[in-house]
Amino acid sequence: MSDTPRVGFFTDTSICIGCKACEVACKVWNDVPEDGLLLTGMSYDNTQQLDANSWRHVAFVEQSAPIVPVLGDAVDTADTLDTVAAPGTAGAPDTADTADTVAAPARSATDLGMPNIGAPDPQSATTVDTQVRWLMSSDVCKHCTHAACLDVCPTGSLFRTEFGTVVVQEDICNGCGYCVPACPYGVIDQREGDGRVFKCTMCYDRLGVGEQPACAKACPTESIQFGELDELRERAAARVEQLHDQGVDVARLYGADPTDGVGGDGAFFLLLDEPEVYGLPPDPVVTTRDLPSMWRHVGLAAVGLLSAGVASFVGRRR
């Protein structure tokens, strides 16, 4: 057992600006082939998903939400001339009632520390406009604690490193593809025209010489943080608490729980919406979790068939 502490990624999506520096750094350092520069029509996302040629994927999620005026708070008229509804329109205050005070200006749900999604309550507010919220997140291989890809690899190409990460040895991979459906996150992919599988190695060669992965080093906002996994989990929990104190109640961690379906991820995230919004499965599980019991049943069935065959043979001899 290695004495080297397990390392990983903590990605704080609340401060990701979608610059794609991580994608570029990953490709340059690992010599990952280009997979197209043209926009796909999916917002500014020109990669769309993780695959053999995209080991880092910056997701762009665009959400439209109503800007809701908060009624009942009295403010000075001069501060609200540009924000209240025009006289004679739905929701407009009576001019006689606005000599001194009017309803407060429209404020977005985000201003109120609420998720900027969903429709307003028609009993208490009137929609006057909409605004766009961008959710951006740099996705990567999760380096699962219980990695199904390791269970199904017949050649030993996939292995667990001394840092607790999961790496593909390209010169040993035979292109069988068993690991592709085994991954609960859809990370591993076979390269077209090659057949072998490729994915994030967490820059294994850099870790060996004391350097952090290229993507984390290139991230200008420190949205991607690299370090010892236990310390990252503590840091992430503190960050969530900080956001909750600021009224961002939707902030939550994904993949940080060691008791989840994959034993926790070596690359986990702080999200500002449901996992599905970011293209992540809500409850990932180890796809090979039932293999031991399946093999036991197969063994029992084989013994039963063998016993029946022996009994039949002995019966005929008699």
Side-chain angles (χ1 to χ4, degrees), residues 1-4 6-9 26-27 29-33 35 47-57 139-208 213 229 255 258-268 279-281 283-307 309:
M1 192 71 179
S2 173
D3 294 330
T4 305
R6 185 180 179 186
V7 298
F9 288 127
C26 176
K27 283 184 175 292
W29 180 261
N30 295 290
D31 196 24
V32 179
D35 51 358
T47 48
Q48 297 192 54
Q49 62 186 5
L50 294 171
D51 58 34
N53 295 329
S54 293
W55 300 0
R56 271 278 177 187
H57 163 237
D139 197 10
V140 71
C141 172
K142 313 307 181 291
H143 296 273
C144 308
T145 299
H146 304 306
C149 57
L150 293 177
D151 296 334
V152 300
C153 181
T155 65
S157 171
L158 280 152
F159 75 103
R160 178 91 56 187
T161 74
E162 67 271 28
F163 302 104
T165 59
V166 179
V167 173
V168 180
Q169 298 178 93
E170 301 167 7
D171 57 335
I172 298 178
C173 177
N174 65 358
C176 69
Y178 294 165
C179 56
V180 175
C183 176
Y185 297 102
V187 167
I188 306 180
D189 184 42
Q190 290 175 286
R191 184 168 291 169
E192 187 176 349
D194 186 311
R196 294 176 299 170
V197 298
F198 296 84
K199 71 171 193 69
C200 164
T201 67
M202 208 176 284
C203 288
Y204 183 42
D205 53 344
R206 293 175 64 92
L207 300 187
L229 194 57
T259 64
D260 67 13
V262 295
D265 293 323
F268 64 97
L280 298 168
D283 298 301
V285 296
V286 184
T287 55
T288 54
R289 61 182 177 176
D290 296 325
L291 278 181
S293 61
M294 291 170 62
W295 283 117
R296 284 196 296 271
H297 283 90
V298 169
L300 290 173
V303 170
L305 287 172
L306 180 61
S307 298

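Counting heavy atoms from C-beta outward, K142 and V187 have side chains that approach closer than 4.5 Å. When side chains are defined from C-beta on, L229 does not count as touching H143, because their heavy atoms never get closer than 4.5 Å. At least one side-chain heavy atom of L207 sits under 4.5 Å from a side-chain heavy atom of P213. Proximity of W29 to R206: side-chain heavy atoms (C-beta onward) are separated by under 4.5 Å at one or more points. You'll find the side chain of S157 stays beyond 4.5 Å of the side chain of R196, heavy atoms only. The shortest distance between side-chain heavy atoms of L158 and V166 falls below 4.5 Å. Residues D205 and C203 are in side-chain contact: their nearest non-hydrogen atoms beyond the backbone lie under 4.5 Å apart.
The main-chain N or O of V32 is never found under 3.5 Å from a side-chain atom of N30 such that the two would form a donor-acceptor pair. The closest donor-acceptor contact from the side chain of Q190 to the backbone of G175 lies under 3.5 Å. Between the side chain of K27 and the backbone N or O of R56, no donor-acceptor pair lies under 3.5 Å. The backbone N or O of G164 lies less than 3.5 Å from a partner atom in the side chain of R160, making a donor-acceptor pair. Remark: the backbone N or O of G264 is paired with a side-chain donor or acceptor of T145 at under 3.5 angstrom.
Looking at residues two or more places apart in sequence or on another chain, you find a side-chain contact (heavy atoms from CB on, under 4.5 Å) between P284 and P184, Y185, Y254, V262, P281.
The distance from the CG atom of D139 to the OG atom of S54 is 11.0 Å, given to the nearest 0.5 Å. The SG atom of C149 sits 4.0 Å away from atom CD1 of I188, with the distance rounded to the nearest 0.5 Å. Separation of atoms CZ (R191) and CG (D51) is listed at 9.0 Å; rounding is to 0.5 Å. If you take SG on C179 and CG on L150, they are separated by 9.5 Å, rounding to the nearest 0.5 Å.
Using cut-offs of 30° and 60° on the angle between ring planes, the pair Y204 and F159 is perpendicular.
Listed by first then second residue, pairs satisfying side-chain hydrogen bond (donor to acceptor under 3.5 Å, both in side chains) with a partner in residues 163-183 read T161-T165, not counting sequence neighbours.
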